[in-house]
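Quick note: numbers below take in every heavy atom, side chains included, and nothing from hydrogens, waters or symmetry partners. Sequential numbering from 1 along the given sequence is applied to the chain's residues. Bear in mind that the values here come from a model prediction, so they are computed numbers and not experimental data.
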Amino acid sequence: MKYHGWFKPQHDLAYAKRALQAGLHGFEIIAGQSHYHLEEFKTYRENIKRIKEELQPSFTVHAPITDINLGSINRRIREASLADVQAALELAREVEALAVAVHASPGILAMPGGKWSKETASPPVQAELIQQEGLLVQALQKLADYAPDVLICLENLVYPHELYRSPGEMEGLLGQVNRSNVRLTLDVGHAVVAGCSPQDFVQRLFDHIFHVHLHDNHGTVDEHLPLGQGTIDYVGVVQALYQAGYQGAITLEFFLDNPEEYSKYLLQFERVTNNLE
């Protein structure tokens, strides 16, 4: 397994060096030039290029999620969303990324967290949702065909309006898309907030999982806390993945001001996997 950490526009080359020295294998970088000031994103891309050339880590890419709606019935919104995700695929090609995480969701992110997320079932796909799902599937197929050499990993989501939260819902979506380069990013924090067991994803969809997002929360809000600061059994998740033979990337999706702190998590994972051998 490869362990990645976040590398975002506020980070620099020195931060990346320290993170790799702490034991990380690489970084999850973000795409979405249209979401940032042009000069800020230009500097970010230059830093990524230097990291690739000088430090030679592995990469995963997170496609933009804010105001992205690949299934919008508004043609202009859908086309703009496609263009932004296609740009993420191009970035993935440049850095030879292991995978690209894509949210197959409406573009609304300002939803409140809370127990309602677990207690409210996703709405049945009928009426206008049938049209939206069809447009979403077409968009994902178009992206897969646009970049057949790039591994696109759809991410399980959080809130009921987003639909694709459970193992069954994700399995159904992947089956409809039916592209060999479209697989699954298992987001552990999302699964827990949605009332699903991450281990159930591993058991049911292991053959589809090629990327994992690992972070902590208290079970009701997608907090992206450092591991151990919430209530998620993240050790159990790593054990399940290791026992299943997982060989992909695990991105530690939380902020650390001091990248040297990555070492304590990596040491813990090493102990866990060693005990299973």
Side-chain angles (χ1 to χ4, degrees), residues 1-11 15-16 18-20 22-32 44 47-48 51-52 55-65 85 88-89 91-92 95-104 150-158 170 183-193 198 201-202 205-206 208-217 222-230 232-242 244 246-257 259 261-270 272-273:
M1 293 188 286
K2 291 181 179 292
Y3 293 100
H4 287 188
W6 265 341
F7 185 82
K8 294 203 169 187
Q10 58 265 47
H11 296 137
Y15 183 95
R18 292 163 63 195
L20 294 174
L24 287 185
H25 300 99
F27 301 101
E28 178 168 275
I29 57 177
I30 57 173
Y44 181 55
N47 280 334
I48 292 170
I51 289 170
K52 184 178 187 300
L55 306 179
Q56 299 183 330
S58 53
F59 290 101
T60 50
V61 174
H62 204 310
I65 60 176
V85 179
L89 301 181
L91 175 59
V95 301
E96 301 175 286
L98 302 176
V100 180
V102 174
H103 276 209
V150 176
L151 185 60
I152 300 170
C153 292
L154 306 183
E155 187 169 342
N156 58 298
L157 301 173
V158 186
M170 290 303 300
R183 300 301 179 92
L184 174 64
T185 290
L186 168 58
D187 190 296
V188 173
H190 290 182
V192 171
V193 171
F201 275 92
V202 175
L205 295 172
F206 178 73
H208 296 283
I209 299 172
F210 279 75
H211 187 204
V212 174
H213 286 165
L214 191 59
H215 47 97
D216 213 341
N217 61 55
D222 186 30
E223 299 170 275
H224 283 266
L225 297 174
L227 302 177
Q229 293 188 16
I232 293 178
D233 177 19
Y234 63 91
V235 171
V237 174
V238 172
Q239 287 176 330
L241 288 166
Y242 184 81
Y246 181 68
Q247 298 295 318
I250 296 179
T251 296
L252 306 181
E253 268 205 335
F254 49 83
F255 278 109
L256 288 177
D257 290 331
E261 292 181 10
Y262 280 119
S263 62
K264 67 181 181 182
Y265 302 112
L266 302 180
L267 180 60
Q268 186 178 21
F269 298 150
E270 183 180 356
V272 167
T273 54

**Message:** Below 30° counts as parallel, above 60° as perpendicular, anything between as tilted: where do the rings of His215 and His190 land?
**Reply:** perpendicular

**Prompt:** Of all heavy-atom pairs between Asp222 and Gly189, which one has the smallest distance, and what is that distance?
**Reply:** OD1-C, 4.4 Å

**Message:** With rounding to the nearest 0.5 angstrom, report the CG to CE distance, Leu205 to Met170.
**Reply:** 8.0 Å

**Request:** Rounded to the nearest 0.5 Å, what's the gap from CD1 on Ile51 to CZ on Phe7? Could you check?
**Result:** 3.5 Å

**Asked** What are the two closest heavy atoms between Ala97 and Val61, and how far apart are they?
**Response** CB-CG2, 3.8 Å

**Message:** Quick check against the 3.5 Å criterion: does Thr251 have a side-chain atom that pairs as donor or acceptor with the backbone of His4?
**Reply:** no

**Request:** Drop me the distance from Ile152's CD1 to Leu184's CG, to the nearest 0.5 angstrom.
**Result:** 13.5 Å

**Prompt:** For Glu96, does the CD atom sit with more than 12 other heavy atoms under 6.0 Å from it, leaving out its own atoms?
**Reply:** no

**Asked** Can you find a pair of side-chain heavy atoms, one from Tyr44 and one from Ile30, that are under 4.5 Å apart?
**Response** yes

**Complete:** Separation between CG (Leu186) and CG (Leu241), nearest 0.5 Å, reads 7.0 Å

**Item:** Val188 side chain reached by Tyr234 side chain, heavy atoms, under 4.5 Å
**Value:** no

**Message:** Checking Phe210 against Leu98 for the side-chain contact (heavy atoms from CB on, under 4.5 Å) test, could you report, in this order, the C-alpha distance in whole Å, the side-chain angles of both residues, the deciding distance, and whether it holds?
**Reply:** CA-CA 9 Å; Phe210 279 75; Leu98 302 176; over 6 Å; no

**Message:** Is any side-chain heavy atom of Thr273 closer than 4.5 Å to one of Met1?
**Reply:** yes

**Fill in**
What one should report as the nearest heavy-atom pair of Leu24 and Gly5 is CD1-N, 3.6 Å

**Asked** Any donor and acceptor pair, going by atom type alone, linking the side chain of Asn156 with main-chain N or O of Asp187 inside 3.5 Å?
**Response** yes

**Message:** Check the orientation of His25 and Tyr3. Use parallel for under 30°, tilted for 30 to 60°, and perpendicular for over 60°.
**Reply:** parallel

**Request:** Measure up the His11 and Tyr15 rings against each other and bin them: parallel (under 30°), tilted (30 to 60°), perpendicular (over 60°).
**Result:** parallel

**Asked** Closest heavy-atom contact between Phe255 and Pro226?
**Response** O-CG, 4.0 Å

**Item:** Leu256/Tyr265 under side-chain contact (heavy atoms from CB on, under 4.5 Å): CA gap, chis, key distance, verdict
**Value:** CA-CA 12 Å; Leu256 288 177; Tyr265 302 112; 4.1 Å; yes

**Request:** May I ask you to check whether His224 and Trp6 place their ring centres under 6.0 Å from each other?
**Result:** yes

**Prompt:** Do the side chains of Leu252 and Tyr262 get nearer than 4.5 Å, heavy atoms only?
**Reply:** yes

**Asked** Can you tell me how far the CD1 atom of Ile29 sits from the CG atom of Asn47, to the nearest 0.5 Å?
**Response** 11.0 Å

**Asked** Which heavy atom in Ala31 sits nearest to a heavy atom in Ala63, and how many Å separate them?
**Response** CB-CA, 4.5 Å

**Request:** Could you walk me through whether Phe269 and Ile250 pass side-chain contact (heavy atoms from CB on, under 4.5 Å), step by step?
**Result:** CA-CA 11 Å; Phe269 298 150; Ile250 296 179; 5.7 Å; no

**Item:** Partner set under side chain to side chain donor-acceptor pair (under 3.5 Å) for His62, not counting sequence neighbours
**Value:** Glu155

**Request:** May I ask you to decide if His211's main-chain N or O and Tyr246's side chain share a donor-acceptor pair within less than 3.5 Å?
**Result:** yes

**Complete:** Closest non-hydrogen atoms of Val150 and Ala92, given as atom of the first, atom of the second and distance, are CG1-CB, 4.1 Å

**Item:** Asp216 vs Phe254, side-chain contact (heavy atoms from CB on, under 4.5 Å): CA-CA, chis, key distance, verdict
**Value:** CA-CA 8 Å; Asp216 213 341; Phe254 49 83; over 6 Å; no

